[in-house]
Amino acid sequence: MHKSSGLSDASPAALEQLVDWQKGTVSGHIFVDESIYEKEAEQVFLRSWLYLGHESQIMHHGDFISTYMGADSILVVRQRDGTVKGLLNACRHRGMGVCRADSGNASTFVCPFHGWTYDTAGELRSVPLLKSGYEDKLDKSQWGLMPVPRVEIYKGLIFGCFDLDAPSLLEYLGDMAWYLDCLLDRTEGGTEVIGGAHKMRINGNWKLAAEQFAGDNYHTVMTHASVPGAWSDPDKPMPEFVDLMEQFGKQFVSREGHSVAGFTVNTANQLRSGIATFSKDVDIVLEYYRQSRKQVANRLGEERANGPATGAGNVFPNFTYLNMVMGASSIGVVHPHGPNQFDWWRWGIVDKSASKEVKAAMVRCLHTWPLGMADADDGENWGAIQTSIKGPLARKLMFNYQLGMGQEGADDQYPGRVYPGMVSELPQRYFYRRWLEYMTSESWPDINDT
Amino acid sequence: MFRSKILQPDPVLQIGIEQYYYHEAELLDNHEYSRWFDLFATDTHYWMPSQANRLFRDRGTEASVEGEFGLFDDTKTTLGWRVKQLNSMTHWAENPRSRTRHLISNVRIKTILEDDEYEVWSNFICYRNRLQDEVDIWAGERQDLLCADAEQGWLIKKRKIILDQNVVLSKNLSVFF
Ligand code: FES
Ligand SMILES: [Fe+2]
């Protein structure tokens, strides 16, 4: 007879049975179990630095965007002094959302339920019946919107954190910042986000998407097998994906759980080889990369002008990006909605200083890959996995995360721990290693080893 | 009374365009994507903006504009790529294939331009049933620029699709509208 799942709780001892990053095994339970999700909500999402938005979306005082930190609704608001605040979008009277727009500009947030009114800093400014009903005794200073206690910005990316024990954002990012610069700091003026957003609801566990951006180069060939054939132009044969994957590249992981799923180490070569000259738009963008290469080298050094630029990455736990992939870059965030559902938000990101023509070409490239041709099959996978692991047996399976075990180490050129190829599951192992530390610690999980 | 705002209806034209849309829906629901693809002009633009929630005073700015991020932004070439992908056996999102039913209604001939071009708006509901029990229902509006072609009948020169969803409530949009 089968033993019952043994998961009566999400205690540290139980969790350690489910994730063994050294052996490279992860149990299906962590994707479906309600008690594990509840623990994640408290111990991962209330502790880690979470992506809130891009500065270019809130340029002026009163500009706001709505987002989530875990499952909590958050307003991100530009302040009069130029700083950015995060506010819990829940009225202190009964919890009504005080703002239901995705973005805009406001001088106050007026709760539609009874009319408590907050300013852009979240301070409670006016309350109906203050005199007759509360005898003027309501201490408004105690009833402002709950602020996100820590908001910090890294080169345009705004992050928030609820944990006062967490290190600064810069320390949290660690070596990842060096890699993020290849996306954020290529040219003068940094980046900006393109208007419009992709928001998709997937009936899968949020970690399936996060771990894929963190490290899954392995899936590209099979999951997206339909793409090269669709692109193929008899005059301009597409290199097989396999060839692309075998181009010399590496993967980066950080002890904080961040990673770059794979980057080519010689972008100059890649630009010359003209990977994707099947489209005029890709040509325009590649030409732009060639022309801006010098500026990138001046700002970031030769190393980063030659790579490591391209590829997917993830900032633990749920900020994802694609940099210089098929002519475009995008950033995204995976918002969990319980163990079995997440929303995946994604934006196009471009160098602010690029010409209008180049930006337009980048947007069109994004509509080809990943939005046009690739996302559909990723969405299919995430939903299908969730369906197939919900059974009492399947959820007990230990899944295999052993690709490329034991080959990582220091690299003389690239910071952090580096895998000497582009395809392994090292990033996923480090993602779950760090995840386990959050899930099994009583407070902010310090990293004691090196 | 209503005639002041609406083009004098031409029943033959109206029925002709409606029949054309029913034919188009049939091609999609029968997965005859290559034949569907032939309905588009070579310089077509197939565009579905994303839809944001806006404050009332910003109403009218919900949809992303051309050049921004949309859910579809295709030329005839890239639409052709999507069609090839759907016709391959490795597009897992549609292997096995979904069952779809496109319902087209409220067909309004808005303006007749020179050169036999017609601006026609219509509403749609697309029902998708996939694998055992997955169901998606998309509703919205299509704003088409149709061009009367002597040889091929109607050609779609431009299609703007207003999908009435903010978060797209399906795992993908592996269907056409
Ligand atoms: S819930 Fe906001 S004023 Fe009552
Ligand atoms: Fe993918």
With a 4.5 Å cut-off on heavy-atom pairs, point out which of B:Ala93, B:Gly80, B:Ser170, B:Ser64 contacts chain A the most. B:Ala93
Residue among B:Ser174, B:Ala63, B:Ala52 with most heavy-atom pairs under 4.5 Å to chain A: B:Ala52
For residues 329-338 of chain A, give me every residue with a non-hydrogen atom less than 4.5 Å from any non-hydrogen atom of chain B. none
Shorter than 4.5 Å, heavy atoms on both sides: which option in A:Ser103, A:Gly383, A:Ala360, A:Ala106 has the most such pairs with chain B? A:Ser103
With respect to chain B, which residue among A:Asp378, A:Thr387, A:Asp375, A:Leu371 yields the maximal number of heavy-atom pairs within a distance under 4.5 Å? A:Leu371
Hey, what's the ring geometry for B:Phe69 with A:His198, parallel, tilted or perpendicular (30° and 60° as the breaks)? tilted
Less than 4.5 Å to any heavy atom of chain B: does that hold for the side chain of A:Phe342, its backbone, both, or neither? neither
For A:Asn105, is it the side chain, the backbone, both or neither that has a heavy atom under 4.5 Å from a heavy atom of chain B? backbone
List the atom of [X], the atom of [Y], and the distance in Å for their closest heavy-atom pair.
| X | Y | result |
| --- | --- | --- |
| B:Leu169 | A:Arg201 | CD2-NH1, 3.9 Å |
| B:Trp92 | A:Met222 | NE1-O, 2.9 Å |
| A:Arg100 | B:Asn53 | O-CB, 3.7 Å |
| A:Ala101 | B:Leu55 | CB-N, 3.6 Å |

Counting only non-hydrogen atoms closer than 4.5 Å, does [X] touch chain A with its backbone (N, CA, C, O), its side chain (CB onward), both, or neither?
| X | result |
| --- | --- |
| B:Ser88 | side chain |
| B:Leu86 | neither |
| B:Phe56 | neither |
| B:Asn166 | both |

Heavy-atom check, side chain of [X] versus side chain of [Y], under 4.5 Å:
| X | Y | result |
| --- | --- | --- |
| A:Asp377 | B:Gln85 | yes |
| A:Glu380 | B:Asn172 | yes |
| B:Lys171 | A:Met200 | no |

Taking salt bridge (charged side-chain N to carboxylate O under 4.0 Å, His left out) as the definition, give me every residue that meets it alongside B:Arg35, ordered by chain and number, with sequence neighbours left out. B:Glu32
Heavy-atom count check: over 12 atoms from other residues, nucleotides or ligands less than 6.0 Å from B:Phe124 CZ? yes
Output the distance between atom OH (B:Tyr46) and atom NE2 (A:His367), rounded to the nearest 0.5 Å. 12.5 Å
Sorted by chain and number, sequence neighbours left out, side-chain contact (heavy atoms from CB on, under 4.5 Å) with A:Ala197 holds for A:Lys199, A:Trp347
Which pairs count as salt bridge (charged side-chain N to carboxylate O under 4.0 Å, His left out) when at least one residue sits in residues 47-70 of chain B, sequence neighbours excluded? B:Glu66-B:Lys158
